[in-house]
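Contents: one structure, followed by commentary.
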Amino acid sequence: MSSAAAVNAAGAALLALATASMLVGVGDLSTEILLASRIPRTLALLLAGAGLAVAGVLMQLVAQNRFVEPSTAGTAQSASLGMLAVTILAPDAPVVVKMLCAAIAALVGTLLFLRVLKAIPLRSTLTVPLVGIVLGGIIWAAATFLAYRYDLMQMLASWSTGDFSTVLRGRYEVLWIALALTIVAYVAADRFTIAGLGRDSAVGLGLDYRRVVGLALTIVALVTAATVVTVGTIPFLGLVAPNIVSLIVGDNLRRSLPLVAGLGAGLMLACDLLGRLVPYPFEIPVGTVMGVAGGGLFLYLLLRRDARLG
Amino acid sequence: MIETQELTRRYDKAAVVDAVSLQLPEQAFTAIIGANGAGKSTFLAMVSRLMPASAGRAFVDGLDVATTSGDVLARRLAILRQDSAVTARVTVRDLVAFGRYPHSRGRLTAEDRAQIEDALDFLELAPLADRFLDEISGGQRQRAFVAMVLAQDTDHLLLDEPLNNLDMRHAAGMMKLLRRAVDERGRTVVAVLHDINFASCYADHIVAMRDGRVIAEGPPEVIVTPSVLEAVYGIAMEVVSVRGYRSVHYYR
Ligand SMILES: Nc1ncnc2c1ncn2[C@@H]1O[C@H](COP(=O)(O)OP(=O)(O)OP(=O)(O)O)[C@@H](O)[C@H]1O
Ligand SMILES: [Mg+2]
C-alpha cells in the first residue's frame, strides 16, 4: 500500500468512527441532540485524542525516552493540582483563566520531572517512566489532601478519570486550543525532530535547544491542562499512538505527526464507542477503557521495544 | 581559523582541560592524540560550544563561540561527537538531510538534495539510505553521522574519534575522505584519533594531550617519535619508517 493510500484509508476509518460516535447514544436522534451533545462530544474526542497523542510524542522527544507521556511524567497530576488550587483561591474565575493556571502548574510539574531525571546518573529506559509515575503519585497525594480539606474530592475525581458523557455545547470549546497547538507543532516539526536527535546534535546543527524544548513543554502543558479541565485525564494514549506510528513510519515528525494526531483521535473515538456500546444503555468512561486497552497495548510495546533496543 | 586562549574546564577543583592555548592550522588536517581521559573530547566539546568553558575562550573565524549565535556557528563548524546515540527513529537519509538544516531551515532545495546524495555516496550509504538508524550496524551508523556532518558543508570539521566502530577498509576510506576534504575543498579538519599510525600517515599536524594539557604539537615527523609518544601514552614504543611514513609498533 502506498503511503497516500494508507493516509486515505486512515482518514476514511477516522470518518467512519466519528459518524458512529454521532449516531450512538440513548434517546432518539434529533437535530437538537446532535447539535447540543453528539457533535460536541465527537469533536471533543477528536480534539483531545489528537492533542494528547501529539503531546505524548513531544514529551518523548524532550525526555529522550519512548515511555513517557503527560500521565506518566507528573504533568497531568500537576494540572489537576493547579486546577484545584485556583478553584479554592478564585472559584469564580472564568474557565480559560483556570485552564491557564492548570497549564502553568503542569509546566512546573514537568520541569520538576526533567530536573529529577537529570539528577539520576545512570538511567535505564524504564527508570524514566518509573520516576515520572512516582512523582505523579506524590503530586496526586498532595492534591488529594487539599481536596479532602476543602471538600472537593468529587471535583478531583472528575479530573482523574477521562469521561466525555457530560460534554455539551458550550462546555468543551477550550479543547480547540489542542488543535491550534497541534498545528503549531506541525509547523515546528523539523525543529522538534532535530531536538529528538539529542542535545548535542541539535546544538551542533545550530538549534536553540532550550527554546525548542521550552516550546515543546508549553504545548504539552497547555494540551494536558485543556483536556484535564474539560474531560479529565486519559492515560496511555500519548504513549500508544506515537509508539505505533514510530514503528511504522519512524519519528521524522514532518511525516509522522499527522499520523500520530490521526491515530490518537481514532483510538480515543474507538475507546469511547466501546465504553458506550458494551454496557449499553450505560457507559464506562473512556479513561477507564483506555486504561485497560491502552495499558495492554503499552505493555506489549514495552516488551517488544525493549527486546529490540535493549 | 580555530584558536583557543587558556581554555579550561574544571570539575570541582580538578581541571580536565587545563588552560589550553592553541592555534590550529587552517586548511589542514590536525589530529588530536592522547590517552583515555586526557581531555580530548572535553576540549572539542568546548570549541564546538556543546559545553561551556570554566575559563578561557575559543574562537572560530575570530568569533567567540560562547557569544556567537548557534546558527551562525553551525554554518562554519560541524561537530561529530564520540558517541552519537539517538532514541529518535529516523532514516539514514533523513539524518543526513538534517545536516542541511543550518542552510535550508527545513526547505530543501535541489542543491541541498544533491549535497545529501553526495554525502551518502561518499560514505557508501546509498544502499542503506532508507533504513532506520536502529536497523543498521554500529559502523554504518557512525558513517551516517559523518555523512550528516559532511552535508553541513562547513569550513571547519571537528570529529571526535571518527574511526570508531569502522573496519579497516572503512577506516582507511574515512581518512582518505577527510584528506580530500582538506586538499580538494580547502576544509580545516580536526579529528581525535587513537590509531597513531593513521595520524602519522594522514595528518599535517598532531596535537598531543596528557592530563588536560597539550604536551607537544607539530608535524608527524616531530611527534611520532619514541620519546614524545612514551611521554604521551606512558608505554614503550618503537617507531619504524615504512614507505616514507612513520609507523609505530607497541603491540607486545
Ligand atoms: N561529568 C564529569 N564529572 C567529573 N569528571 C568528568 C566528567 N566528565 C568527564 N570527566 C573527566 O574528564 C576527563 C576528560 O574526559 P574526556 O572525555 O575529555 O577524555 P578523552 O580524552 O576524550 O578520553 P577518551 O579517549 O576516553 O575519549 C576524564 O578524566 C573524565 O573522567
Ligand atoms: Mg573522548
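In this text, all values refer to a predicted model and were calculated from it rather than measured experimentally. Proteins come first, then strands; the chains are lettered A, B, ... in the order of their sequence lines, and each starts at number 1.
- Using a distance-only test at 3.5 Å, with no hydrogens or angles considered, no donor-acceptor pair links the side chain of R75(B) to the main chain of H103(B).
- Looking at N243(A) and S246(A), their side chains never bring a donor and an acceptor atom within 3.5 Å of each other.
- A pairwise comparison of heavy atoms in G295(A) and F236(A) identifies N-CD1, 3.5 Å as the closest pair.
- At distances below 3.5 Å, at least one donor-acceptor pair connects side-chain atoms of S54(B) with backbone N or O atoms of R10(B).
- A 4.5 Å side-chain heavy-atom check between M59(A) and V62(A) finds every atom pair outside the cut-off.
- Side-chain contact check for T75(A) and T110(A): at least one donor-acceptor pair (N or O, by modelled atom type) lies under 3.5 Å.
- When heavy atoms are compared at a cutoff of 4.5 Å, L95(B) approaches chain A solely by way of its side chain, counted from C-beta outward.
- Between chain B and the residues N65(A), L197(A), L61(A), the most heavy-atom pairs under 4.5 angstrom are made by L197(A).
- Remark: the backbone N or O of S201(A) is not paired with any side-chain donor or acceptor of R81(B) at under 3.5 angstrom.
- Proximity to chain B at a heavy-atom threshold of 4.5 Å picks out nothing from residues 46-57 of chain A.
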Between D153(B) and R187(B), is a salt bridge (Lys or Arg N to Asp or Glu O under 4.0 Å) present by the stated rule, with each step listed? CA-CA 9 Å; D153(B) 195 29; R187(B) 307 289 193 221; 2.4 Å; yes
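- A cation-pi geometry, defined here as NZ or CZ lying under 6.0 Å from the six-membered ring centre and within 45° of its normal, holds between R9(B) and Y11(B).
- Contact residues of residues 27-46 of chain B toward chain A are absent (heavy-atom distance under 4.5 Å).
- Salt bridge status for E3(B) with R57(B): absent, with no side-chain N to carboxylate O gap under 4.0 Å.
- Looking only at heavy-atom pairs under 4.5 Å with chain B, the residue among L207(A), D190(A), L205(A), V203(A) that has the most is L205(A).
- For the residue pair E69(A) and P235(A), the shortest heavy atom distance occurs at OE2-C, 3.8 Å.
- A cation-pi arrangement, defined by a distance under 6.0 Å to the six-membered ring centre and an angle within 45 degrees of its axis, is present between R89(B) and F132(B).
- Residues of residues 252-266 of chain A placed with any heavy atom under 4.5 Å of a heavy atom in chain B are listed by number as N252(A), R255(A).
- Within residues 62-71 of chain B, the residues having any heavy atom less than 4.5 Å from a heavy atom of chain A are, in residue-number order, G70(B), D71(B).
- Contact count versus chain A (heavy atoms, under 4.5 Å) is highest, among R100(B), R49(B), Q152(B), for R49(B).
- Around atom CZ of R105(B), more than 12 heavy atoms belonging to other residues, nucleotides or ligands sit under 6.0 Å away.
- A distance-only check finds no donor-acceptor pair linking the side chain of D121(B) to the backbone of D118(B) [under 3.5 Å].
- D208(A) does not touch chain B: none of its heavy atoms, backbone or side chain, sits under 4.5 Å away.
- The minimum heavy-atom distance between Q142(B) and L80(B), with the atom names listed, is NE2-CD2, 3.8 Å.
- Put simply, CG on L123(B) and CG on L177(B) are 5.5 Å apart, with the number rounded to the nearest 0.5 Å.
- If you measure heavy-atom distances from L50(B) to chain A, the contacts under 4.5 Å come from both the backbone and the side chain.
- The backbone N or O of V20(B) lies less than 3.5 Å from a partner atom in the side chain of T4(B), making a donor-acceptor pair.
- No donor-acceptor pair under 3.5 Å is formed between the side chain of T188(B) and the backbone N or O of E26(B).
- Using a 4.0 Å cut-off between a side-chain N of Lys or Arg and a carboxylate O of Asp or Glu, D251(A) and R66(A) qualify as a salt bridge.
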